[in-house]
Novice: 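Quick one: the structure is below, and I'll ask about it shortly.
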2 protein chains.
Amino acid sequence: MTQTFPAESNAQFWLSMPCIHPETIRLVQEKMPASSVLAELADFYKLFGDGTRLRILTALSIAELCVCDLSALLDMKQPAVSHQLRVLKQGRVVRARREGKVVYYALNDEHIRNVLQVGLEHLGERQEVEEVF
Amino acid sequence: MTQTFPAESNAQFWLSMPCIHPETIRLVQEKMPASSVLAELADFYKLFGDGTRLRILTALSIAELCVCDLSALLDMKQPAVSHQLRVLKQGRVVRARREGKVVYYALNDEHIRNVLQVGLEHLGERQEVEEVF
DNA sequence: TGATTATATGTTCACATGTACATATGATTT
DNA sequence: AAATCATATGTACATGTGAACATATAATCA
(Lines give C-alpha, C1' and ligand atoms only; values in the text may rest on other atoms or scores of the structure.)
Protein backbone atom coordinates (compact mmCIF):
# COMPACT_ATOMS: atom_id res chain seq x y z
CA MET A 1 0.00 0.00 0.00
CA THR A 2 1.45 3.28 -1.12
CA GLN A 3 0.24 6.79 -0.56
CA THR A 4 -3.33 7.08 0.69
CA PHE A 5 -5.56 9.97 -0.31
CA PRO A 6 -8.45 11.39 1.70
CA ALA A 7 -11.94 10.37 0.63
CA GLU A 8 -13.06 13.88 -0.21
CA SER A 9 -11.33 17.08 -1.23
CA ASN A 10 -9.79 18.32 1.98
CA ALA A 11 -7.77 21.51 2.26
CA GLN A 12 -6.43 20.53 5.68
CA PHE A 13 -4.88 17.38 4.34
CA TRP A 14 -2.96 19.11 1.60
CA LEU A 15 -1.89 21.94 3.85
CA SER A 16 -0.49 19.38 6.26
CA MET A 17 1.64 17.68 3.64
CA PRO A 18 5.24 17.48 4.80
CA CYS A 19 6.98 18.69 1.66
CA ILE A 20 5.80 22.28 1.50
CA HIS A 21 7.78 25.47 2.02
CA PRO A 22 5.41 27.34 4.34
CA GLU A 23 7.22 30.70 4.20
CA THR A 24 7.18 30.79 0.41
CA ILE A 25 3.53 29.87 0.35
CA ARG A 26 2.64 32.62 2.78
CA LEU A 27 4.59 35.13 0.72
CA VAL A 28 2.81 34.14 -2.47
CA GLN A 29 -0.58 34.10 -0.77
CA GLU A 30 -0.10 37.68 0.32
CA LYS A 31 0.90 38.91 -3.11
CA MET A 32 -1.66 36.92 -5.15
CA PRO A 33 -4.75 38.65 -6.51
CA ALA A 34 -8.04 37.18 -5.32
CA SER A 35 -9.25 34.03 -7.05
CA SER A 36 -12.32 35.87 -8.26
CA VAL A 37 -10.14 38.43 -10.02
CA LEU A 38 -8.11 35.72 -11.68
CA ALA A 39 -11.28 33.91 -12.75
CA GLU A 40 -12.46 37.11 -14.38
CA LEU A 41 -9.08 37.54 -16.05
CA ALA A 42 -9.29 33.96 -17.31
CA ASP A 43 -12.66 34.72 -18.87
CA PHE A 44 -11.06 37.68 -20.60
CA TYR A 45 -8.21 35.62 -22.03
CA LYS A 46 -10.65 32.91 -23.03
CA LEU A 47 -12.08 35.33 -25.58
CA PHE A 48 -8.70 35.36 -27.33
CA GLY A 49 -8.28 31.59 -27.03
CA ASP A 50 -10.26 30.60 -30.08
CA GLY A 51 -9.06 30.73 -33.67
CA THR A 52 -12.29 32.13 -35.06
CA ARG A 53 -12.61 34.86 -32.47
CA LEU A 54 -8.97 35.78 -32.88
CA ARG A 55 -9.42 36.11 -36.62
CA ILE A 56 -12.43 38.34 -36.02
CA LEU A 57 -10.53 40.49 -33.54
CA THR A 58 -7.49 40.78 -35.79
CA ALA A 59 -9.69 41.83 -38.69
CA LEU A 60 -11.44 44.42 -36.53
CA SER A 61 -8.08 45.73 -35.39
CA ILE A 62 -7.48 46.69 -39.01
CA ALA A 63 -10.90 48.04 -39.95
CA GLU A 64 -14.48 48.39 -38.79
CA LEU A 65 -16.49 45.65 -40.48
CA CYS A 66 -20.09 44.52 -40.83
CA VAL A 67 -21.20 40.95 -40.16
CA CYS A 68 -21.46 40.29 -43.86
CA ASP A 69 -17.91 41.45 -44.50
CA LEU A 70 -16.62 39.24 -41.72
CA SER A 71 -18.61 36.31 -43.00
CA ALA A 72 -17.06 36.67 -46.45
CA LEU A 73 -13.59 37.48 -45.18
CA LEU A 74 -13.40 34.51 -42.84
CA ASP A 75 -15.33 32.18 -45.13
CA MET A 76 -17.78 31.33 -42.38
CA LYS A 77 -21.54 31.05 -42.17
CA GLN A 78 -23.18 34.24 -41.05
CA PRO A 79 -24.83 32.74 -37.95
CA ALA A 80 -21.48 31.42 -36.74
CA VAL A 81 -19.98 34.89 -37.06
CA SER A 82 -22.93 36.51 -35.31
CA HIS A 83 -22.62 34.01 -32.51
CA GLN A 84 -18.97 34.78 -31.86
CA LEU A 85 -19.63 38.50 -32.17
CA ARG A 86 -22.20 38.20 -29.44
CA VAL A 87 -19.70 36.42 -27.21
CA LEU A 88 -17.13 39.12 -27.88
CA LYS A 89 -19.69 41.85 -27.27
CA GLN A 90 -20.78 40.34 -23.97
CA GLY A 91 -17.12 40.20 -23.00
CA ARG A 92 -16.94 43.91 -23.84
CA VAL A 93 -14.15 43.31 -26.32
CA VAL A 94 -16.04 44.63 -29.34
CA ARG A 95 -18.83 47.13 -29.77
CA ALA A 96 -21.56 47.36 -32.37
CA ARG A 97 -22.94 50.33 -34.29
CA ARG A 98 -26.10 50.04 -36.33
CA GLU A 99 -26.53 51.88 -39.62
CA GLY A 100 -29.78 50.92 -41.26
CA LYS A 101 -29.83 47.22 -41.82
CA VAL A 102 -26.09 46.92 -41.43
CA VAL A 103 -24.34 46.47 -38.09
CA TYR A 104 -20.72 47.54 -37.93
CA TYR A 105 -18.42 46.01 -35.36
CA ALA A 106 -15.20 47.46 -33.99
CA LEU A 107 -12.77 46.80 -31.17
CA ASN A 108 -14.16 48.20 -27.95
CA ASP A 109 -11.02 50.12 -27.00
CA GLU A 110 -7.36 50.55 -27.82
CA HIS A 111 -6.38 48.23 -25.00
CA ILE A 112 -7.61 45.23 -26.95
CA ARG A 113 -5.21 46.12 -29.74
CA ASN A 114 -2.40 46.09 -27.15
CA VAL A 115 -3.30 42.61 -25.99
CA LEU A 116 -3.20 41.32 -29.55
CA GLN A 117 0.09 43.10 -30.11
CA VAL A 118 1.75 41.61 -27.03
CA GLY A 119 0.67 38.12 -28.05
CA LEU A 120 1.95 38.48 -31.59
CA GLU A 121 5.26 39.82 -30.32
CA HIS A 122 5.65 36.85 -28.02
CA LEU A 123 4.98 34.49 -30.90
CA GLY A 124 7.50 36.34 -33.01
CA GLU A 125 10.22 36.09 -30.39
CA ARG A 126 9.53 32.43 -29.82
CA GLN A 127 9.88 31.72 -33.55
CA GLU A 128 13.26 33.44 -33.62
CA VAL A 129 14.48 31.40 -30.67
CA GLU A 130 13.36 28.22 -32.38
CA GLU A 131 15.14 29.12 -35.59
CA VAL A 132 18.46 29.02 -33.74
CA PHE A 133 18.02 25.34 -32.92
CA MET B 1 -38.85 31.07 -49.55
CA THR B 2 -36.28 33.38 -48.06
CA GLN B 3 -32.52 33.32 -48.31
CA THR B 4 -31.08 30.09 -49.66
CA PHE B 5 -27.70 28.78 -48.52
CA PRO B 6 -25.37 26.61 -50.57
CA ALA B 7 -25.26 22.95 -49.71
CA GLU B 8 -21.65 23.03 -48.57
CA SER B 9 -19.34 25.72 -47.26
CA ASN B 10 -18.35 27.68 -50.31
CA ALA B 11 -16.00 30.64 -50.32
CA GLN B 12 -17.16 31.77 -53.73
CA PHE B 13 -20.72 32.03 -52.55
CA TRP B 14 -19.90 34.28 -49.64
CA LEU B 15 -17.56 36.40 -51.70
CA SER B 16 -20.38 36.96 -54.15
CA MET B 17 -22.85 38.14 -51.56
CA PRO B 18 -24.23 41.53 -52.44
CA CYS B 19 -23.77 43.27 -49.12
CA ILE B 20 -20.01 43.22 -48.76
CA HIS B 21 -17.55 46.05 -49.07
CA PRO B 22 -14.97 44.47 -51.38
CA GLU B 23 -12.32 47.17 -51.00
CA THR B 24 -12.33 46.97 -47.25
CA ILE B 25 -12.15 43.20 -47.36
CA ARG B 26 -9.17 43.29 -49.68
CA LEU B 27 -7.41 45.77 -47.43
CA VAL B 28 -7.96 43.63 -44.36
CA GLN B 29 -6.95 40.46 -46.19
CA GLU B 30 -3.62 42.02 -47.07
CA LYS B 31 -2.86 43.15 -43.55
CA MET B 32 -4.11 40.03 -41.73
CA PRO B 33 -1.59 37.50 -40.41
CA ALA B 34 -2.00 34.00 -41.78
CA SER B 35 -4.71 31.84 -40.24
CA SER B 36 -2.09 29.37 -39.04
CA VAL B 37 -0.34 32.12 -37.11
CA LEU B 38 -3.58 33.18 -35.49
CA ALA B 39 -4.42 29.59 -34.61
CA GLU B 40 -1.06 29.30 -32.88
CA LEU B 41 -1.70 32.57 -31.09
CA ALA B 42 -5.10 31.29 -30.00
CA ASP B 43 -3.44 28.22 -28.51
CA PHE B 44 -1.13 30.52 -26.61
CA TYR B 45 -3.98 32.58 -25.18
CA LYS B 46 -5.89 29.43 -24.38
CA LEU B 47 -3.25 28.65 -21.78
CA PHE B 48 -4.26 31.81 -19.92
CA GLY B 49 -7.97 31.15 -20.37
CA ASP B 50 -8.43 28.83 -17.42
CA GLY B 51 -8.79 29.87 -13.78
CA THR B 52 -6.56 27.12 -12.45
CA ARG B 53 -3.76 27.72 -14.91
CA LEU B 54 -3.97 31.45 -14.33
CA ARG B 55 -3.64 30.93 -10.59
CA ILE B 56 -0.61 28.74 -11.20
CA LEU B 57 0.96 31.29 -13.52
CA THR B 58 0.27 34.17 -11.16
CA ALA B 59 1.81 32.23 -8.29
CA LEU B 60 4.88 31.42 -10.37
CA SER B 61 5.18 35.07 -11.34
CA ILE B 62 5.81 35.75 -7.65
CA ALA B 63 8.06 32.83 -6.76
CA GLU B 64 9.48 29.56 -8.05
CA LEU B 65 7.39 26.76 -6.55
CA CYS B 66 7.34 22.97 -6.41
CA VAL B 67 4.28 20.91 -7.28
CA CYS B 68 3.61 20.28 -3.63
CA ASP B 69 3.66 23.99 -2.80
CA LEU B 70 1.26 24.72 -5.62
CA SER B 71 -1.00 21.89 -4.55
CA ALA B 72 -1.22 23.31 -1.04
CA LEU B 73 -1.43 26.93 -2.15
CA LEU B 74 -4.25 26.35 -4.62
CA ASP B 75 -5.97 23.70 -2.50
CA MET B 76 -5.96 21.24 -5.36
CA LYS B 77 -5.11 17.57 -5.71
CA GLN B 78 -1.53 16.99 -6.77
CA PRO B 79 -2.40 15.13 -9.98
CA ALA B 80 -4.59 17.99 -11.12
CA VAL B 81 -1.75 20.44 -10.57
CA SER B 82 0.72 18.19 -12.37
CA HIS B 83 -1.68 17.88 -15.26
CA GLN B 84 -1.96 21.63 -15.74
CA LEU B 85 1.77 22.08 -15.28
CA ARG B 86 2.33 19.65 -18.11
CA VAL B 87 -0.02 21.62 -20.33
CA LEU B 88 1.77 24.84 -19.46
CA LYS B 89 5.15 23.22 -20.02
CA GLN B 90 4.15 21.88 -23.42
CA GLY B 91 2.99 25.38 -24.27
CA ARG B 92 6.45 26.62 -23.24
CA VAL B 93 4.95 28.98 -20.72
CA VAL B 94 6.67 27.43 -17.71
CA ARG B 95 9.87 25.47 -17.25
CA ALA B 96 10.82 22.81 -14.74
CA ARG B 97 13.99 22.29 -12.73
CA ARG B 98 14.58 19.06 -10.82
CA GLU B 99 16.35 19.04 -7.47
CA GLY B 100 16.33 15.56 -6.05
CA LYS B 101 12.78 14.41 -5.66
CA VAL B 102 11.42 17.92 -5.90
CA VAL B 103 10.60 19.63 -9.20
CA TYR B 104 10.54 23.40 -9.15
CA TYR B 105 8.49 25.29 -11.71
CA ALA B 106 8.98 28.84 -12.90
CA LEU B 107 7.73 31.10 -15.67
CA ASN B 108 9.59 30.33 -18.86
CA ASP B 109 10.52 33.92 -19.61
CA GLU B 110 9.82 37.50 -18.66
CA HIS B 111 7.44 37.89 -21.57
CA ILE B 112 4.87 35.76 -19.79
CA ARG B 113 4.92 38.19 -16.90
CA ASN B 114 4.16 40.97 -19.39
CA VAL B 115 1.15 39.15 -20.73
CA LEU B 116 -0.25 38.70 -17.23
CA GLN B 117 0.46 42.34 -16.49
CA VAL B 118 -1.33 43.62 -19.59
CA GLY B 119 -4.37 41.54 -18.75
CA LEU B 120 -4.53 42.70 -15.17
CA GLU B 121 -4.17 46.31 -16.26
CA HIS B 122 -7.06 45.92 -18.68
CA LEU B 123 -9.21 44.45 -15.94
CA GLY B 124 -8.26 47.31 -13.65
CA GLU B 125 -9.21 49.96 -16.18
CA ARG B 126 -12.47 48.25 -16.93
CA GLN B 127 -13.38 48.19 -13.24
CA GLU B 128 -12.73 51.93 -12.96
CA VAL B 129 -14.99 52.60 -15.94
CA GLU B 130 -17.73 50.50 -14.39
CA GLU B 131 -17.48 52.32 -11.08
CA VAL B 132 -18.57 55.50 -12.81
CA PHE B 133 -21.92 53.97 -13.74
C1' DT C 1 17.23 -3.89 -1.63
C1' DG C 2 13.03 -2.31 0.17
C1' DA C 3 10.48 1.63 1.83
C1' DT C 4 9.14 6.22 1.41
C1' DT C 5 8.35 10.57 -0.77
C1' DA C 6 7.50 13.75 -4.81
C1' DT C 7 5.85 13.85 -9.18
C1' DA C 8 3.87 12.01 -13.54
C1' DT C 9 0.57 9.44 -16.32
C1' DG C 10 -3.59 7.02 -17.87
C1' DT C 11 -8.61 6.46 -17.69
C1' DT C 12 -13.05 7.92 -16.96
C1' DC C 13 -16.62 11.18 -16.69
C1' DA C 14 -19.07 15.43 -16.37
C1' DC C 15 -19.28 19.67 -18.49
C1' DA C 16 -18.28 23.51 -21.47
C1' DT C 17 -18.12 25.17 -26.18
C1' DG C 18 -18.18 25.91 -31.30
C1' DT C 19 -20.77 25.01 -35.45
C1' DA C 20 -24.68 23.74 -38.48
C1' DC C 21 -29.23 24.38 -39.41
C1' DA C 22 -33.67 26.39 -39.10
C1' DT C 23 -35.94 30.29 -37.96
C1' DA C 24 -36.93 34.81 -35.91
C1' DT C 25 -36.26 39.85 -35.64
C1' DG C 26 -35.31 44.43 -37.37
C1' DA C 27 -34.93 47.71 -40.99
C1' DT C 28 -35.51 49.32 -45.66
C1' DT C 29 -37.82 49.58 -50.15
C1' DT C 30 -41.50 49.23 -53.42
C1' DA D 1 -48.45 46.11 -46.31
C1' DA D 2 -45.47 42.86 -48.55
C1' DA D 3 -41.08 41.69 -49.96
C1' DT D 4 -36.32 41.74 -49.24
C1' DC D 5 -32.05 42.03 -47.00
C1' DA D 6 -28.83 41.99 -42.85
C1' DT D 7 -28.47 40.23 -38.57
C1' DA D 8 -29.82 37.62 -34.38
C1' DT D 9 -31.38 33.60 -31.82
C1' DG D 10 -32.60 28.85 -30.50
C1' DT D 11 -31.74 23.85 -30.76
C1' DA D 12 -29.08 19.84 -31.56
C1' DC D 13 -24.91 17.69 -31.79
C1' DA D 14 -20.04 16.66 -31.93
C1' DT D 15 -15.84 17.71 -29.88
C1' DG D 16 -12.59 19.47 -26.46
C1' DT D 17 -11.24 19.74 -21.74
C1' DG D 18 -10.52 19.84 -16.63
C1' DA D 19 -10.80 17.09 -12.49
C1' DA D 20 -11.09 12.64 -9.81
C1' DC D 21 -9.12 8.49 -9.08
C1' DA D 22 -5.91 4.81 -9.42
C1' DT D 23 -1.47 3.82 -10.52
C1' DA D 24 3.21 4.30 -12.40
C1' DT D 25 7.82 6.41 -12.31
C1' DA D 26 11.81 8.74 -10.25
C1' DA D 27 14.73 9.70 -6.50
C1' DT D 28 16.22 9.43 -1.79
C1' DC D 29 17.01 6.96 2.48
C1' DA D 30 17.13 3.17 5.87
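We name chains A, B, ... by the order of the sequence lines, and we start the count at 1 in each one.
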Novice: Please report the distance, rounded to the nearest Å, between CG in B/D43 and P in C/dG18.
Specialist: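 Answer to the nearest Å: 13 Å.
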Novice: Before giving the answer on side chain to side chain contact (heavy atoms under 4.5 Å, CB included), spell out for B/L54 and B/L116 the whole-Å C-alpha distance, their side-chain angles and the decisive distance to 0.1 Å.
Specialist: CA-CA 9 Å; B/L54 211 49; B/L116 292 170; 3.7 Å; yes
Novice: Rounded to the nearest angstrom, tell me the gap between atom CZ in B/R55 and atom P in D/dG18.
Specialist: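 So the two atoms are 14 Å apart, to the nearest Å.
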Novice: Out of D/dA19, C/dT9, C/dA27, which nucleotide sits closest to the side chain of B/R86?
Specialist: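 The listed nucleotide nearest to B/R86's side chain is C/dT9.
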Novice: Salt bridge or not between B/R113 and B/E110? Use side-chain N to carboxylate O under 4.0 Å.
Specialist: yes
Novice: Tell me the closest heavy-atom pair linking A/T24 and B/E64, and the distance in Å.
Specialist: CG2-O, 4.3 Å
Novice: If the cut-off is 4.0 Å, is B/R98 near the phosphate of C/dT7, judged by side-chain N/O to OP1 or OP2?
Specialist: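 Negative; the distance criterion is not met.
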Novice: Counting only side-chain N and O atoms of A/T52, is one of them less than 4.0 Å from OP1 or OP2 of C/dT19?
Specialist: yes
Novice: How many Å lie between CG on A/L85 and P on C/dT17, as a whole number?
Specialist: 18 Å
Novice: Closest heavy-atom contact between B/A96 and B/V103?
Specialist: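 Heavy-atom minimum between the residues: CB-CG1, 3.8 Å.
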Novice: Which sits closer to the 5' end of DNA chain C, B/V102 or A/G49, going by the nucleotide each is nearest to?
Specialist: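 That would be B/V102.
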Novice: Which of these passes side chain to side chain contact (heavy atoms under 4.5 Å, CB included) with A/L107: A/V115, A/T58, A/L60, A/L88?
Specialist: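 Per the side chain to side chain contact (heavy atoms under 4.5 Å, CB included) rule, the option paired with A/L107 is A/L60, out of A/V115, A/T58, A/L60, A/L88.
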Novice: Output the single nucleotide from C/dA8, C/dC21, D/dT7 whose closest atom is nearest the side chain of A/P79.
Specialist: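 My answer, after comparing the listed nucleotides, is C/dC21.
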Novice: What is the distance, rounded to the nearest whole Å, between atom CG of B/D50 and atom P of D/dA19?
Specialist: 6 Å
Novice: Return whichever of B/A96 or A/E99 has its heavy-atom-nearest nucleotide of DNA chain C closer to the 5' end.
Specialist: B/A96
Novice: Starting at atom CD of B/Q90, determine the distance to atom C1' of D/dT17, rounded to an integer number of angstrom.
Specialist: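 Those two atoms, CD and C1', are 14 Å apart.
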Novice: Please give, in whole Å, the distance from C/dG26 C1' to A/R97 CZ?
Specialist: 17 Å
Novice: Using a cut-off of strictly less than 4.0 Å, decide whether A/Q84 has a side-chain nitrogen or oxygen near OP1 or OP2 of C/dT17.
Specialist: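 Negative; the distance criterion is not met.
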Novice: Is the distance from OP1 or OP2 of C/dT17 to the nearest side-chain N or O of A/R53 less than 4.0 Å?
Specialist: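 No, no such contact exists.
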Novice: Report the nucleotide, chosen from C/dA8, C/dT7, D/dT7, that has the shortest atom-to-atom distance to any side-chain atom of A/C68.
Specialist: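 Nearest listed nucleotide: D/dT7.
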Novice: Test A/H122 against every option in B/F44, B/F48, B/Y45 by the ring pair (Phe, Tyr, Trp, His ring centres under 6.0 Å) rule and name the one that passes.
Specialist: B/F44
Novice: Which whole-number value in Å describes the distance from A/H83 NE2 to D/dG10 C1'?
Specialist: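 Roughly 10 Å, once rounded to whole Å.
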Novice: Contact class for A/K46 vs. all strands (heavy atom < 4.0 Å): base, sugar-phosphate, or nothing?
Specialist: sugar-phosphate
Novice: Using OP1 and OP2 only, check whether a side-chain N or O of A/K77 sits under 4.0 Å from C/dC21.
Specialist: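 Yes, because at least one side-chain N or O of A/K77 sits under 4.0 Å from OP1 or OP2 of C/dC21.
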Novice: Check if the side chain of B/Q78 and the base of C/dA6 share a donor-acceptor pair of N or O atoms closer than 3.5 Å.
Specialist: no
Novice: If I take atom OH in residue B/Y104 and atom P in nucleotide C/dA8, what distance separates them, rounded to the nearest angstrom?
Specialist: 13 Å
Novice: So how far off straight is the helix from C/dT1-D/dA30 to C/dT30-D/dA1, going by the axes through five pairs at either end, to 10°?
Specialist: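 The end-segment axes of the helix from C/dT1-D/dA30 to C/dT30-D/dA1 are tilted 10° relative to each other.
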Novice: Check this one for me: any side-chain N or O of A/Y105 less than 4.0 Å away from OP1 or OP2 of D/dA8?
Specialist: yes
Novice: State whether the side chain of B/R97 and the backbone N or O of B/Y104 hold a donor-acceptor pair below 3.5 Å, judged by distance alone.
Specialist: no
Novice: What pair of heavy atoms forms the shortest contact from A/K46 to A/R53, and how long is it?
Specialist: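 Looking at all heavy atoms of both residues, the closest pair is O-NH2, 3.1 Å.
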